[in-house]
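Only heavy atoms go into these numbers, but all of them, side chains included; no hydrogens, no water, no symmetry mates. In what follows, chains are A, B, ... by sequence order, proteins preceding strands, each numbered from 1.
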Amino acid sequence: MSIPRPPGPPGAWFEERFGVTPAVLHRVMEAALSRGGEDCDLYFEHAASTSVSLSDGKVNAAGTRVDLGMGVRVVVGDQVGFAFTEELTIAAMEAAARTAAEIAATGGTRPVASPVAVRVTDWSPVLEPWDKVDMATRVRMVRDWEQRAFARDPRVARVETYMADASKIVMIVRPDGRLIEDWRPMTQGHVRVTAGQGSVRESSGFNVAGRAGLEYYGAGRQDRLVDQAVDRTLFLLAAGKPPAGEMPVVLAAGPSAILLHEAIGHGMEADFNRKGTSIYASRMGDKIASDLVTIVDDGTIPGSRGAVNVDDEGNPGERTVLVDHGVLRTYMHDEISARFYGVKPTGSGRRQGFRYAPLPRMRATLMENGPHSPEEIISSVKRGIYCQTFANGQVQIGGGDFAFYMKTGFLIEDGKLTRPIKDVNVIGNGPQALERIDMVGDDLVIDEGGWTCGKDGQGVPVSQGMPTVRVGSLVVGGMG
Amino acid sequence: MSTLSPTVSQQELLDIAQRVVAQATALGAEEVKASVGRGVSTELSRRDGRIEKAEESRSLSLHASLMVDGRFSAHATNDIRPEALRDFLAHAVDATRFLEPDPDRRLPERERMGDADVDLDPVDPGWASLDPAYRRALLEELEDRVRAAGSDVKIRSVSSFVWDGSSESVSVTSHGYQSTWRSTSFGSGATLSLEDEGGRLPEAWFMTGARHRQDVVGPQQAAVHALDHARHRLGSGPGPSGRYPMLVENRAVGRVLGTLLGPMAAESLYEKRSCLEGKLGQRIASPALHLIDDPHIPRASGSHPHDGDGMPTRRRDLVRDGVLQEYLVDVYYGRRLGWEPNGGGTGNLIVPPGDRSPAAILADLPQAIVVESFLGGNANPTSGDFSFGINGVLYAHGQPVQNLSEMNISGNLFELLERYVAAANDVWSWSAWRTPSLLFDDIQFSGS
């Protein structure tokens with residue numbers, strides 16, 4: 001199943017199919033504001049997805065999914081009432097609005113303006129939309145990935161492949177009259193490989209994801225998907241146990257941006273700061289890193305998984321400079337935190353879907369290029385590790401402690417990459433790690449993997465990118 | 001639009017499921033399983049004296065598995081308007097025909113399916129007549145108790161949470177199987193952050209959930225536990241690297257022993273991604289270790305009369321005297337491997353308690369690290385190698401010496417399990433992992 005790019009004007013999709021007319025919107029918003037709510041938003045969503053998967057040499061499972069509903073949020077100061085309905089009848093929507101309205105108890109109503117469509121910049125130019133792609137093409141692609149993976153190396157013992165495409169139309173309506181409609185495509189491809197050599201067996205894989213149509217899988221991307229999946233698995237066959245203890249850590253360009261995301265990004269989401277529970281809560285304008293470090297959160301990278309045309313409150317995606325040459329410049333804001341701090345929202349109010357209220361979230365989090373070459377960085381380390389790829393990470397916002405799990409990397413000895421290593425947790429304190437970044441490469445890579453960020457039980461698609469970076473010291477959880 | 005009311009009855013859910021089976025069959029599916037679930041829930045949170053968020057949800061979901069010309073697919077929608085549903089199923093049946101046949105995906109044999117004959121008491125009869133005022137009162141009490149219990153520390157922020165809900169589901173197959181299930185859930189707890197040196201604001205939480213409201217831990221006990229954990233984060237940092245006895249606190253045990261479940265699954269074994277391949281009937285852990293799967297504990301969150309395939313659940317030993325007793329074999333991978341299915345999922349996971357308290361165990365040890373929670377980390381299911389970050393406390397002869405963070409434990413699962421010594425007597429009863437704190441000997445910690 002796919003949702004095509006809406007052919008009509010903004011608002012027409014939900015009006016023509018579900019009878020959500022301007023008059024209906026007006027009534028639901030009046031119900032939402034009936035107890036004195038200061039603001040509200042109606043978030044309509046119609047989503048569909050298709051997946052196919054291959055195992056045992058057969059494309060033997062497929063799935064489709066449709067999701068439809070409307071979430072209504074009522075805001076009073078920093079208090080939030082929220083309810084949703086999966087039925088777009090006026091009775092069900094009004095009932096949800098009244099439930100959400102209960103957060104307010106002051107009475108009095110704010111006037112509701114007639115909806116006027118707001119133009120949206122589209123950062124996801126889709127050339128071959130998924131609603132025009134037949135099942136046979138999807139089936140052919142996952143089988144082709146499998147065959148290429150087997151052809152790469154005789155040690156490849158098993159291959160599983162999977163691809164999914166999803167598309168949704170969201171419509172956000174606000175009492176100030178803004179009506180924003182946004183079409184959001186997404187695709188992801190996965191290749192999972194098991195390889196064996198002697199008695200050693202290892203599994204790994206790779207995945208790519210972006211806001212695009214079928215054209216995403218051109219220009220070498222399918223080759224990279226397969227090559228990375230095989231190479232990462234074969235690497236593990238030869239890799240050994242990492243060292244343990246505090247040491248310098250060099251983070252390879254690209255996937256290492258999980259460090260940015262965990263160690264720094266979450267602490268700069270404004271809700272934690274507004275509540276005073278982030279370690280960065282009182283650091284605005286402070287020098288928190290060396291001059292080499294500039295960090296941005298960017299919703300406008302065309303086709304990237306974390307791109308947002310508008311966020312889920314209806315504010316345009318933008319490029320937000322969080323840390324400028326070491327100085328903390330802004331947090332990532334939704335409307336509640338922006339009001340609290342007296343600044344403009346940064347287009348960072350995101351939600352998993354209509355069942356959830358928005359929160360400040362990352363989009364594509366990047367560290368900008370610095371002056372050093374990657375070779376210079378590696379050769380500067382006497383003994384440490386070079387982290388190449390990652391599986392997952394986690395942070396404790398208030399204490400600032402974070403961890404990320406390195407899947408593959410190298411030992412660095414006397415400035416050279418020597419022994420391949422694997423499977424180790426690296427742990428540190430976010431603000432300290434940021435302060436300890438003392439070399440930044442000139443080789444920024446935006447990772448094309450399909451990262452999903454979890455917060456408060458909500459997952460949203462994100463991207464991340466980083467040049468090669470040296471962190472003076474982190475605790476590596478090795479074997480001795 | 002649908003005529004589904006917010007108070008849809010179980011019969012209505014069955015009607016929808018039966019309609020889906022009939023329609024998909026008419027469209028050409030030779031086998032169909034339709035499951036319809038419905039949930040209602042309310043969640044309130046309060047932060048520093050004021051309600052922060054009030055959420056209410058009512059949701060319905062339909063899942064349909066189809067076998068068409070020997071080909072398999074699985075579909076989900078919540079748009080059950082008759083016309084939309086018809087189109088959805090027609091598309092689903094068509095899409096399935098593009099795949100390759102996979103006869104192993106057939107429904108389980110009808111005679112295998114059914115419910116275990118147990119009374120799991122999953123519904124709190126009080127849910128239907130709940131006084132909504134209780135939620136706000138409980139939130140306030142939770143916050144007050146945390147602040148009172150924390151008069152000796154600098155509290156930056158306290159949030160309290162309360163939630164409750166009811167859900168039901170029905171499943172119907174084209175070969176005549178039908179099941180229903182209903183449960184309620186309640187939960188509450190608090191998180192807090194403290195002010196610490198260096199601008200750090202360490203957090204801690206304590207939350208419990210249960211099927212029956214009276215089984216949820218009360219506000220006083222929740223406040224004391226949350227504060228205890230928060231105090232243990234003050235001034236924390238990496239301790240010296242070395243080998244120590246490790247006591248994993250009860251509610252953190254699932255993170256460690258959970259790494260066994262992936263490799264135990266028939267899917268991992270079939271796909272040659274399991275470090276437990278060839279280990280059935282062999283010792284994989286210290287003889288002191290017993291791990292039991294018991295899906296039949298009344299009121300427990302992991303209890304269920306049937307598994308994901310619709311087969312009756314049963315109590316079973318997974319590891320006895322350190323010996324691996326069973327793999328987790330679902331119907332599909334059982335067919336592929338030629339093994340009898342025995343239930344691919346687990347219910348409540350139990351390590352029988354010992355007779356000593358964690359304090360008594362610690363008092364006997366010159367040095368030990370209590371792991372209160374894990375941070376990040378992962379395990380490689382194929383090799384069994386793991387590496388986890390930890391938060392905890394270093395004890396000497398039962399006395400706390402240093403609060404720890406930024407430390408890792410790393411090693412191989414089998415070495416870890418071999419070093420298992422004993423269980424304490426403090427069983428945690430509020431999740432599917434119902435275990436006491438567990439003591440391991442001689443574990444490598446890396447820190448400063």
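Proximity to chain B is limited to the backbone of A:Phe402, based on heavy atoms less than 4.5 angstrom apart. Neither the backbone nor the side chain of A:Ser51 comes within less than 4.5 Å of any heavy atom of chain B. Only the side chain of A:Ile103 comes within contact range of chain B, with heavy atoms under 4.5 Å apart. For A:Tyr405, the part lying under 4.5 angstrom from a heavy atom of chain B is the side chain only. Looking at A:Glu262, neither its backbone nor its side chain comes within 4.5 Å of chain B, counting heavy atoms on both sides. Heavy atoms closer than 4.5 Å to chain A are found nowhere in B:Glu83, neither backbone nor side chain. Heavy-atom distances place both the backbone and the side chain of A:Phe84 under 4.5 Å from chain B. Contact annotation for A:Thr99: only side-chain heavy atoms (C-beta onward) come within less than 4.5 Å of a heavy atom of chain B. Within the 4.5 angstrom heavy-atom criterion, only side-chain atoms of A:Phe354, from C-beta onward, approach chain B. With a 4.5 angstrom heavy-atom cutoff, B:Pro101 touches chain A only via backbone atoms. A:Arg140 does not touch chain B: none of its heavy atoms, backbone or side chain, sits under 4.5 Å away. The parts of A:Asp401 that come within reach of chain B are both its backbone and its side chain, each placing non-hydrogen atoms under 4.5 angstrom from that chain. Only the side chain of B:Ser193 comes within contact range of chain A, with at least one heavy atom under 4.5 Å from a heavy atom of that chain.
A donor-acceptor pair shorter than 3.5 Å can be found between the side chains of A:Glu86 and B:Asn78. Counted by atom type alone, B:Ser387 and B:Ser410 present one or more donor-acceptor pairs between their side chains at under 3.5 Å. No donor-acceptor contact under 3.5 angstrom links the side chains of B:Asp385 and B:Asn380, judged on distance only. For the residue pair B:Asp104 / B:Tyr333, no side-chain donor-acceptor distance below 3.5 Å is found, with atom types taken as modelled. A donor-acceptor pair shorter than 3.5 Å cannot be found between the side chains of A:Tyr356 and A:Asp456. B:Ser57 and B:Ser41 are linked by a side-chain donor-acceptor pair at a separation below 3.5 angstrom, with hydrogens and angles left out of the test.
The residues B:Arg50 and B:Glu52 are annotated as not salt-bridged, no charged nitrogen and carboxylate oxygen being separated by less than 4.0 angstrom. Between B:Glu43 and B:Lys53 no salt bridge is recorded (no basic side-chain N to carboxylate O distance below 4.0 Å). A salt bridge links B:Glu100 with A:Arg143: the closest approach of a Lys/Arg side-chain nitrogen to an acidic carboxylate oxygen falls below 4.0 angstrom.
The candidate from A:Ala48, A:Gly276, A:Ala83 with the greatest count of non-hydrogen atom pairs under 4.5 Å with chain B is A:Gly276. The residue among A:Val52, A:Val424, A:Val59, A:Ile279 with the most heavy atom pairs within less than 4.5 Å of chain B is A:Val59.
Along residues 69-80 of chain A, the residues that come nearer than 4.5 angstrom to chain B, judged on non-hydrogen atoms, are A:Asp78, A:Gln79, A:Val80 in order of number.
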Quiz prompt | side chain to side chain contact (heavy atoms under 4.5 Å, CB included) evaluation trace for B:Gln444 with B:Ile409 | solution = CA-CA 6 Å; B:Gln444 173 68 41; B:Ile409 58 166; over 6 Å; no
What side-chain donor-acceptor pairs closer than 3.5 Å can you find for residues 64-74 of chain B, not counting sequence neighbours?
from: B:Asp69; atom 1: OD2; to: B:Arg97; atom 2: NH1; distance (Å): 3.0
from: B:Arg71; atom 1: NE; to: B:Leu99; atom 2: O; distance (Å): 2.5
from: B:Arg71; atom 1: NH1; to: B:Asp69; atom 2: O; distance (Å): 2.9
from: B:Ser73; atom 1: OG; to: B:His75; atom 2: NE2; distance (Å): 2.6
from: B:Ser73; atom 1: OG; to: B:Thr96; atom 2: OG1; distance (Å): 2.6

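Annotation: A:His46 is in aromatic contact with A:Phe18 [ring centroid separation under 6.0 Å].
The closest donor-acceptor contact from the side chain of B:Asn412 to the backbone of B:Ser383 lies under 3.5 Å.
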